[in-house]
There are 2 protein chains.
Amino acid sequence: MTKAKEKILNAASRLFHEQGYNSTGINEIIAAANIAKSTLYQHFASKDQLCIAFLERRHQQWFAQLCQVVDPVVGEQAKLLALFDFIMQMNEKEEFRGCSFLNILSEISVEEQSAILQVIQQHKTDLQDYITAISQGTYAHLADHIYFLFESAIIESQLYREQTPVLKIKNIVKSLL
Amino acid sequence: MTKAKEKILNAASRLFHEQGYNSTGINEIIAAANIAKSTLYQHFASKDQLCIAFLERRHQQWFAQLCQVVDPVVGEQAKLLALFDFIMQMNEKEEFRGCSFLNILSEISVEEQSAILQVIQQHKTDLQDYITAISQGTYAHLADHIYFLFESAIIESQLYREQTPVLKIKNIVKSLL
DNA sequence: GTAAAATCGTACCGACTTGTCTGTTTTTAA
DNA sequence: TTAAAAACAGACAAGTCGGTACGATTTTAC
């Protein structure tokens with residue numbers, strides 16, 4: 001990846017995640033990235049395409065971090081509980097800004113921006129599959145249940161800007177296992 | 001309430017809910033409401049204030065509809081399950097647009113629009129209290145758990161634009177009761 | 001060293017943003 | 001009927017929006 005392209009993606013990622021998609025202008029992105037507007041449009045055909053590139057990269061990075069937390073943990077039960085430690089880590093690191101994918105879902109027009117919707121759906125499907133995978137064995141029947149609680153944990157902690165909901169949900173999951 | 005004020009609130013409600021807050025302009029609202037811009041600003045000091053008025057009215061109407069579905073149902077267990085019938089009704093009626101409160105949460109700046117954040121938090125707190133209230137008795141210990149699954153049901157059905165997640169979650173709750 | 005590719009700055013486009021202001025017309029109520 | 005309140009249309013401000021076009025300059029690679 002070119003140096004400029006990376007600078008654009010880094011700036012856009014930070015701004016989209018911090019302020020939201022619609023609240024972040026192209027001019028703000030090029031100022032933050034310290035590149036020319038023409039350079040941006042040489043790498044990305046439109047703001048929506050830049051959004052997709054952002055989401056696709058975030059998808060990879062987000063999963064990498066998730067695996068980094070969960071995979072080393074030994075034991076099915078402990079792995080499933082580690083999911084919620086990961087949420088708490090992200091909340092701290094990113095100041096309770098929640099899930100970029102769900103945030104952008106709230107901003108787009110499903111009809112006119114269906115390409116973005118697809119990336120968001122894919123991300124969540126992959127997450128659900130991941131949880132199903134680590135649930136294989138004793139807790140296979142709880143996979144979806146835990147996925148739904150995982151989603152709630154992200155949203156409720158974003159809403160109240162505190163870890164309390166994650167801790168509550170982690171305890172609920174503990175009681176299920 | 002004045003006739004004009006109501007027309008403004010009706011138009012703004014529809015547009016905010018259908019398109020989102022930031023994607024809806026003042027000019028679009030006054031055109032849809034068929035009123036003059038000066039009339040809008042006579043009733044609402046700013047777009048943010050209009051947003052708060054919208055959320056407060058939606059809070060009332062939403063709860064009224066929820067109670068209309070749940071309250072007539074007899075039996076604690078059946079009441080708790082009816083929560084998810086309500087979600088499905090809303091999904092159908094509103095084409096899977098999800099929760100206005102969470103959608104707007106994703107759009108605002110928590111620092112600069114804290115008045116809006118408060119209304120959103122209050123709405124969710126009231127919902128949680130409501131579920132706690134109808135759980136009183138045998139299922140008091142499940143109140144929070146069901147609230148979290150309720151939230152997930154709204155979001156996941158918005159994401160995939162189908163009732164499947166609600167039905168899945170309703171079955172999960174059934175297995176808990 | 002030279003040619004190609006990348007990036008540059010900036011002006012420009014038309015449309016849109018929230019909000020204010022002015023003066024006129026309509027509605028309401030005593 | 002008259003006075004006050006409400007709503008009207010529309011111009012205006014000062015800026016932002018996403019996106020295009022321009023030629024000039026820098027970087028890269030052979």
Side-chain angles (χ1 to χ4, degrees), chain A residues 1-55 103-104 106-117 119, chain B residues 1-55 103-104 106-117 119:
Chain A
M1 181 142 44
T2 325
K3 210 145 241 164
K5 189 166 185 177
E6 210 161 351
K7 282 205 290 182
I8 296 165
L9 217 36
N10 286 339
S13 298
R14 186 173 57 79
L15 292 169
F16 287 163
H17 186 63
E18 283 179 10
Q19 314 179 345
Y21 181 59
N22 289 328
S23 302
T24 301
I26 291 288
N27 293 322
E28 203 177 351
I29 295 171
I30 65 166
N34 207 30
I35 52 99
K37 189 182 278 198
S38 34
T39 306
L40 187 150
Y41 280 99
Q42 200 166 317
H43 290 289
F44 304 97
S46 65
K47 197 191 173 190
D48 271 16
Q49 283 304 118
L50 177 55
C51 180
I52 289 173
F54 154 61
L55 289 177
N103 285 340
I104 288 179
S106 295
E107 294 208 60
I108 61 168
S109 155
V110 170
E111 293 82 25
E112 295 160 28
Q113 293 166 296
S114 59
I116 295 177
L117 175 63
V119 180
Chain B
M1 182 140 41
T2 323
K3 211 145 240 163
K5 189 166 185 178
E6 210 162 351
K7 284 205 290 181
I8 297 165
L9 216 36
N10 287 339
S13 296
R14 186 174 59 79
L15 292 169
F16 286 163
H17 186 62
E18 283 180 12
Q19 315 179 345
Y21 181 59
N22 288 329
S23 301
T24 302
I26 291 288
N27 294 321
E28 203 177 352
I29 295 170
I30 64 165
N34 207 30
I35 51 100
K37 187 181 280 195
S38 33
T39 306
L40 187 150
Y41 280 100
Q42 199 167 319
H43 289 288
F44 303 98
S46 66
K47 196 190 173 190
D48 272 15
Q49 283 303 118
L50 177 55
C51 179
I52 289 173
F54 154 61
L55 290 177
N103 286 341
I104 289 179
S106 294
E107 294 208 59
I108 61 167
S109 156
V110 171
E111 292 82 25
E112 294 160 29
Q113 292 165 297
S114 60
I116 295 177
L117 175 63
V119 179

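Reminder, nothing fancy here: chain letters follow the sequence lines and each chain counts from 1.
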Send over the distance from B/Ile8 CD1 to C/dG19 C1', rounded to a whole Å. 14 Å
Below 4.0 angstrom from OP1 or OP2 of D/dA7, is there any side-chain N or O of B/His43? yes
Separation of atom CD in B/Glu107 from atom P in C/dT17, rounded to whole Å: 14 Å
Nearest non-hydrogen partners of A/Phe16 and A/Cys51, listed with the distance: CE1-CA, 4.1 Å
Quick one: side chain to side chain contact (heavy atoms under 4.5 Å, CB included) partners of A/Gln49, sequence neighbours excluded? A/Ala45, A/Ser46, A/Ile52
Between D/dA9 atom C1' and B/Asn34 atom CG, what is the distance in whole Å? 12 Å
Strictly below 4.0 Å, heavy-atom distances to any atom of DNA chain C: list the hits from residues 11-31 of chain A, or just say none. none
Return the set of residues passing side chain to side chain contact (heavy atoms under 4.5 Å, CB included) with B/Ser38 (not counting sequence neighbours), or none when no residue passes. B/Ala36
Can you tell me which nucleotide in C/dT20, D/dG18, D/dA7 comes closest to the side chain of B/Tyr41? C/dT20
Which atoms of nucleotides 23-30 of chain C (N or O only) lie under 3.5 Å from a protein N or O atom, and what are those distances?
none

Nearest atoms (heavy-atom pairs only) where B/Lys7 meets B/Asn34: NZ-O, 3.7 Å
A/Thr39: side-chain hydrogen bond (donor to acceptor under 3.5 Å, both in side chains) partners, not counting sequence neighbours: none
Under 4.0 Å, heavy atoms only, any strand: does A/Asp48 hit a base, just the sugar-phosphate, or nothing? nothing
What's the CD-P distance between B/Gln42 and D/dA5, to the nearest Å? 11 Å
Determine all donor-acceptor pairs shorter than 3.5 Å in which one atom belongs to a side chain in residues 17-27 of chain A; sequence neighbours excluded.
residue: A/His17; atom: ND1; partner: A/Ser100; partner atom: OG; Å: 2.6
residue: A/His17; atom: NE2; partner: A/Glu94; partner atom: OE1; Å: 2.8
residue: A/Gln19; atom: OE1; partner: A/Thr24; partner atom: OG1; Å: 3.3
residue: A/Gln19; atom: NE2; partner: A/Glu28; partner atom: OE2; Å: 3.0
residue: A/Tyr21; atom: OH; partner: A/Lys47; partner atom: O; Å: 3.2
residue: A/Tyr21; atom: OH; partner: A/Asp48; partner atom: N; Å: 3.1
residue: A/Tyr21; atom: OH; partner: A/Asp48; partner atom: OD1; Å: 2.5
residue: A/Asn22; atom: ND2; partner: A/Glu107; partner atom: O; Å: 3.3
residue: A/Asn22; atom: ND2; partner: A/Glu107; partner atom: OE1; Å: 3.1
residue: A/Asn22; atom: ND2; partner: B/Ser23; partner atom: OG; Å: 3.4
residue: A/Ser23; atom: OG; partner: B/Asn22; partner atom: ND2; Å: 3.4
residue: A/Thr24; atom: OG1; partner: A/Leu15; partner atom: O; Å: 3.3
residue: A/Thr24; atom: OG1; partner: A/Gly20; partner atom: O; Å: 2.8
residue: A/Asn27; atom: OD1; partner: A/Lys37; partner atom: NZ; Å: 3.0

B/Thr39 side chain: which of C/dA6, D/dC8, C/dG9 is closest? D/dC8
Start with the C-alpha gap between A/Leu9 and A/Leu50, add the side-chain angles, then the distance that decides, and say whether side-chain contact (heavy atoms from CB on, under 4.5 Å) holds. CA-CA 8 Å; A/Leu9 217 36; A/Leu50 177 55; 3.8 Å; yes
For B/Ser114, side chain to side chain contact (heavy atoms under 4.5 Å, CB included) partners two or more places apart: none
What is the distance from CG of B/Leu40 to P of D/dG10, rounded to the nearest Å? 17 Å
Protein-nucleotide distance (B/Gln49, atom CD; C/dT18, atom P), rounded to Å: 15 Å
Quick one: does B/Lys37 reach the base of D/dG10 with a side-chain donor-acceptor pair under 3.5 Å? no
A/Lys47 has its side chain closest, among C/dC8, C/dT18, D/dG18, to D/dG18
Decide yes or no on side-chain contact (heavy atoms from CB on, under 4.5 Å) for B/Ile104 and B/Val119, but give the supporting numbers first. CA-CA 11 Å; B/Ile104 289 179; B/Val119 179; over 6 Å; no
